Amino acid sequence: MPAENAAMQNATHPAKWTYANIDSMRAQLKSMGLSLDWAREVATCDPSYYGHQQKLFLDFLAAGLVARKKSKVNWDPVDHTVLANEQVIDGRGWRSGAVVEQRELTQWFLKISDYSEALLAALDTLDRWPDKVRLMQRNWIGRSEGMLVRFAIDAASRGALADEPEARELEIYTTRPDTLFGAKFMAIAPDHPLAAAAARHDPKLAAFIEECRKIGTSVAAIETAEKKGYDTGLRAVHPFDADWKVPVYVANFILMDYGTGAIFGCPAHDQRDLDFVNVYGLGATPVVCPPGVDPNTFVVDKIAYDGDGLMINSRFLDGMTIEAAKAEVARRLEGATLGNRPQGKRQVNFKLRDWGISRQRYWGCPIPVIHCEVDGVVPVPEQDLPVKLPDDVTFDAPGNPLDRHPTWKRVACPKCGRPARRETDTMDTFVDSSWYFVRFTDPWNRTAPTTEAMANRWLPVDQYIGGIEHAILHLLYSRFFTRAMKKTGHLDLEEPFAGLFTQGMVVHETYRNADGRWLAPNEVRIDGDADGRRAFALDGGKPIEIGPIEKMSKSKRNTVDPDEIISSYGADTARWFMLSNSPPDRDVIWTEAGVQGAFKQIQRLWRLVCEIERVVGPARPARPAAFSPPAAAVRRAAHAALAKIEDQIERLGFNVGIATIYELANSLDAAIGAIAADKVGDDLRYALAEAGDILVQSFAPMMPHLAEECWQVLGNQTMISMSPWPEADRSLIVSDQMTLPVQVNGRKRDELTIDRSASQAEIEAAALALDAVRRAMDNRPAKKVIVVPQRIVNVVV
RNA sequence: GCGGACGUGGCGGAACCGGUAGACGCAAAGGACUUAAAAUCCUUCGGCCACUUGGCCGUGCGGGUUCGACCCCCGCCGUCCGCACCA
C-alpha cells in the first residue's frame, strides 16, 4: 500500500520506490554496526521470493487450507478498492473521502480457523513469550463452549411464510443453556436467511434491515448504536414447553458471522438482552439467584446478573448449580428430537475468522490461479511459477492496475487451453512476513521455498524481537503458517518463535508554535534552568510550546533522522543511549540532552581506558602469585561487575547492565586516582589490565566500534569481536567480611561488618553492641532478634 | 462495558524470593582550573526539622497481614494498552 500510494503521488514505479527504500535502510543498518548476515538478505517483493510464496499457496490449496468465499468488505466506490477496517475513518475512505459501502465480494481466504484449537492450546507451551501477548492471542481466538439448540417455529405464526423452508425452525448458539427458562425473545441477525425470507413478505422489515446495514460499517456508529429490533410476528416454541411461545425479532446487535447468527435472549443474565427488553418492554425473569439473596425478592431491572448462583424459576433445574443445569439441559436436548435430529448439540465456537488475503492491489504477490469458464479455478502449473507482476502498469486511474492491464490477465487455461483469465487479486503483505524467517534458513534454494533439513536445524527462532503492535496479526499468522508449512511438508515444527520480546519505540517531544504549526526538533532551541525548560524557534526566536512525548511521526514532525544522529555522534553513541536510557520493553524518550550525556560518558570510558594503559605500561606483567589489598579490591570490583553485567544481558536488562559498567568505571577511576604513579606494583598493574579488558569486553556488544579501538589501546593483538566473552571468577566476589544492615523494630539504625563465618549468636551480640542500636533500643530489652543469614538483622523491642 | 498492565525524587529509571528504597545516569545549584568560555575535576541534590552525631515523614490514596511491605491481601483514585454487541 505505501509503495502504491507513493507511486500515485510521485509518479514513481512502486518497485523503484521500494528498492530505493531497501537500499537506504540497508545502508543505515550497516552504519549502525549491527551484526547481520547480509548474505541471507531477501526482498519479499522480488519474484525470487514471492515465486516460492506462490508455491506455498498452491500447496496450501491442494491441502485444503485455502478457501474462496463471499465476504463483506469495505468498498471505496471512488478508488475502486477494498479498504481495511483501519483505513475507514468515520465511514469514509481515508484517501478518497467517499462514503464506504459494504459489498459482498468473492475473496481468497487462508483457513487459519482450522487451527483455532491448536493455536490456542499451544500458547501454554510458549513459556518465553510475554503473558500479555499470549493473553491477547487467547482473547482474539476467543474459544467458548456452548450449545446449538434448534427451536421449532410455531406453525400458526408463520402466516405468509408458511411455505418458506427457512421458517420451519431456528437454530441458535448459546453459552448459557442453563438460562433457557429465562428466555423472553429470539433475535436473529439482519442478514440471517430467515430475516431475508420474512422481509420478502414485509416491506417494513426490509426497510429496517436496510437501515441496519447502513449503520453497520462505521466503528463509531456501532459504539453508540442503540439496541433496535423488529418483531417478525414469528413465534418460536420453547424446547421444554410446547405451549410456551417466544417472539422472534430481527435485531441490529446480532452478528451473522458468529455462531448461527441467532440467539435466544435471556435479559436477566445478559446485559445486551436486558438493554433490548428495556426498549421493548418484554420483562426479565431471573433464573439464577446469587448466593445469600432471597429468590422470592430477587429482581433484575437495569443490571443483568452474570455471576454464580443456584437455579430458580426453572422447573426441573431449580436448585441446581449453573454447571449442573448446563449439563442437564444438554443431556435432555441431545436426547430430544426435532425433525429426526437431536434438538441440541454441544458446540465449541471461536471468534477467530479465516484470514482474508485478497487485495485489489498491484504491489503484492499475485495469487497463482487462473479462472476458466469450463474448468473453474485452475492452479497455475508449478513450472510456470513465478507468476510475475507486469512492469508496465499505470497508477493514474483508480482501481486495480492489474485488472485494467491490457494483456496480463489474458492466458490460456492450463487444463483445456481455452482463453481464460488470471486472478488479479494479490496477497495481503502479511503473507510475505509470515514465513520470511523460514526462508532465511536457506535463501539460496532456487527450486523450493525451503530446504527442510536447514529449516529444522535453525528453527524455531531462539529470540524473536518485535513491537507489541504485532502481538496478534503477524505473530498469529506466522504461527499458522508454520503449521500449514508442516502439513505441506516444508518443515517439521509447529511454533516458529521459542522466545519473544516486545521492545518499545523511540519517542520524542513535540513542538508547536503559536499558530499551531508543528516544528521539527532541529528547528527548536531548548533553554533549561532551575525553573524548567523552555523552547524557542531558531528562526525568529519566538517561544514554542513543548507538547507531549509521542511516537515519532511525520505529521507531528517529531522525528530524528538516524543518519543525522550517526553523523553527529556516531553509531556507538546512538546504540549506547538507546540501551542505557530505559529498559528495552519500554519506549525510549529521545532527548538531545540525554544523547549528549551518553556521549560524555563514552568519552569518559575512553579516557579511563587510556589512563589504564598509561598506568599499566606497554608490557603487561605476568600474573603474580599474590595480590595486595588494593589490587585484590580492583579484581573483586571487576569480576563482581562482570558477573552482574552477564546476568543483566541474559535478562535483556541492558540499562541496568550499563549502570553496572558505570559503577565499574567509577571504581577503577577511584582506584587509579588513589595510587601514586611511581608506586604501582606488578600485582596492581596486572589487576588494572585485567579490569580494563573486562570493562571493554563488557561494553563491546553495545559499542563495538569504540570497544575495538580500546581493545587495541590496551595492547591486545586480536579483534575484540573475535575474542570470547570473559569468564567471571565468582570466587573473587565473596569476601571474608560481610556488611549487614541492622534494624530496630524494622527501621534501619546501623550497619554491622563482621566475619562471614560469624555464628548467629556472634552476629546477635555484635548487633546489640552497636551504639546506634543501643540508642534506638532506649534501654528496653530485646524481645526477639531476627538474623536472616547473609541478609539482615532485626531487633524487636 | 470486558480484559490486562502500570503508578518510586525535577526527569529516565534501580531495588533478584517480603530484608539497607532511590543504584546508575540526566537536569540543576555551588566551587576549582581559565583573562574568559568550552571541556574536565570536586561538592550538594526526596521532604521537613536539628544543621554536629541525629530525628521524623516518605514508593498514587485508605486499611490489613508480618519482626520487617515499592513487593502479599482488601477497598478506592489515576494513567496507559488491548478487545468491543462474539450470545
Side-chain angles (χ1 to χ4, degrees), chain A residues 130-133 135-140 142-144 146-147 172-176 179 187 189 219 222-223 225-227 251-255 257-266 269-273 275-276 303 306 349-353 468-469 471-472 528-533 577 580-583 586-589 591 593-598 600-601 603-604 607 644 647-648 651 653 655-666 669 673 739-751 771-772 775-776 782-788 790-797:
Chain A
D131 290 342
K132 181 184 168 72
V133 173
L135 186 68
M136 281 167 76
Q137 292 211 353
R138 188 166 291 127
N139 292 339
W140 188 262
R143 184 181 195 272
S144 73
M147 280 194 82
I172 59 100
Y173 177 73
T174 180
T175 54
R176 294 298 302 273
T179 63
V219 176
I222 289 170
E223 271 173 27
E226 278 177 38
K227 303 262 179 298
N252 63 349
F253 63 100
I254 306 300
L255 304 172
D257 38 357
Y258 185 78
T260 60
I263 62 151
F264 82 88
C266 175
H269 304 290
D270 184 296
Q271 192 59 47
R272 295 157 302 180
D273 296 347
D275 293 346
F276 185 77
I303 314 273
D306 60 2
N349 256 0
F350 294 92
K351 285 200 258 180
L352 183 65
R353 308 280 155 74
I468 186 72
E469 70 273 18
I472 292 173
D529 57 28
D531 295 338
R533 298 165 69 248
F577 172 67
S580 68
N581 202 41
S582 52
R586 279 194 225 174
D587 292 344
V588 179
I589 304 167
T591 62
V595 183
Q596 277 168 6
K600 213 168 81 183
Q601 291 299 323
Q603 289 174 307
R604 212 186 117 222
R607 281 197 305 272
K644 190 172 171 192
D647 291 345
Q648 289 297 337
R651 292 158 52 182
N655 57 328
V656 185
I658 287 174
T660 311
I661 290 171
Y662 286 150
E663 279 179 281
L664 174 58
N666 289 345
D669 244 344
T739 301
L740 296 176
V742 181
Q743 298 180 330
V744 177
N745 284 344
R747 188 175 291 272
K748 188 200 164 193
R749 294 300 172 177
D750 206 348
E751 282 178 353
D771 278 352
R775 210 178 319 123
K783 216 189 277 174
K784 197 172 165 192
V785 180
I786 294 153
V787 179
V788 183
Q790 318 291 319
R791 280 273 171 191
I792 203 167
V793 180
N794 191 12
V795 180
V796 186
V797 297

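Lettering follows sequence order; numbering is per chain, from 1. Please read these numbers as outputs of a predicted model, since none were measured by experiment.
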With [atom1] as the reference atom in both, quote the distance from [N] to [M] in angstrom, rounded to an integer.
| N | M | atom1 | value |
| --- | --- | --- | --- |
| rG63(B) | rG13(B) | C1' | 30 Å |
| rA37(B) | rC48(B) | C1' | 39 Å |
| rC41(B) | rG60(B) | C1' | 40 Å |
| rG7(B) | rA21(B) | C1' | 16 Å |
| rC26(B) | rU44(B) | P | 16 Å |
| rC6(B) | rA50(B) | C1' | 39 Å |
| rG18(B) | rC70(B) | C1' | 11 Å |

Identify, with sequence neighbours excluded, every residue that meets side-chain hydrogen bond (donor to acceptor under 3.5 Å, both in side chains) alongside [X].
| X | value |
| --- | --- |
| N581(A) | none |
| Q790(A) | R756(A) |
| D275(A) | Q271(A) |
| D131(A) | R134(A) |

Next item on the list: Let me have a per-nucleotide readout for nucleotides 44-58 of chain B, 5' to 3', with B, S or -, counting only protein heavy atoms under 4.0 Å.
Entry: ----------SSSS-
Next item on the list: Produce a footprint string for nucleotides 14-19 of chain B: one letter per nucleotide, 5' end first; B if the base is under 4.0 Å from any protein heavy atom, S if only the sugar-phosphate is, - if neither.
Entry: SS---B
Tell me whether the OP1 or OP2 atom of [N] has a side-chain N or O from [X] closer than 4.0 Å.
| X | N | answer |
| --- | --- | --- |
| Y173(A) | rA87(B) | no |
| S144(A) | rA87(B) | yes |
| N666(A) | rG25(B) | yes |

Check: D306(A) CG to rG3(B) P: how many Å, rounded?
Finding: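 Spelled out: CG on D306(A) to P on rG3(B) is 9 Å.
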Next item on the list: Using atom CZ of R138(A) as one end and atom C1' of rG4(B) as the other, report the distance to the nearest whole Å.
Entry: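 My rounded result for the distance is 12 Å.
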Who pairs with [X] by salt bridge (Lys or Arg N to Asp or Glu O under 4.0 Å), at least two apart in sequence or on another chain?
| X | value |
| --- | --- |
| D647(A) | R730(A) |
| R586(A) | none |
| R604(A) | D669(A) |
| R749(A) | none |

Next item on the list: Using both pair distances under 3.5 Å as the test, note the stems of at least 3 consecutive Watson-Crick or G-U pairs that include RNA chain B.
Entry: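 Stems (3+ consecutive pairs) listed as B:1-7 with B:77-83, B:10-12 with B:24-26, B:28-32 with B:40-44, B:46-49 with B:54-57, B:60-64 with B:72-76.
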Next item on the list: Assign each of G594(A) and I472(A) to its nearest nucleotide of RNA chain B by heavy atoms, then name whichever residue's nucleotide is nearer the 5' end.
Entry: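 Result: G594(A).
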Next item on the list: Could you pull out all residues at least two apart from K351(A) that satisfy side-chain contact (heavy atoms from CB on, under 4.5 Å)?
Entry: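 side-chain contact (heavy atoms from CB on, under 4.5 Å) check on K351(A) returns Y258(A).
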Check: S144(A) and Y173(A): side-chain donor and acceptor closer than 3.5 Å?
Finding: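 The answer is yes; a qualifying pair exists.
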Margin query: For a quick check of understanding: with a heavy-atom distance under 4.0 Å over all strands, which category does Q601(A) fall into, base, sugar-phosphate or nothing?
Written below: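 Q601(A): backbone/sugar contact only, no base atoms under 4.0 Å.
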Check: What nucleic acid atoms does I254(A) come within less than 4.0 Å of, heavy atoms only: base, sugar-phosphate, or nothing?
Finding: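 Result for I254(A) = base.
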Next item on the list: Using the ring of F253(A) (Phe, Tyr or Trp, six-membered ring only), decide whether K227(A) places NZ or CZ under 6.0 Å from its centre and within 45 degrees of its axis.
Entry: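 The answer is yes; both the distance and angle limits are met.
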Next item on the list: Going by the side chain to side chain contact (heavy atoms under 4.5 Å, CB included) test, name the single residue among V795(A), V793(A), N794(A), I792(A) that passes it with V787(A).
Entry: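 Going through the options one by one, the only one that passes is V793(A).
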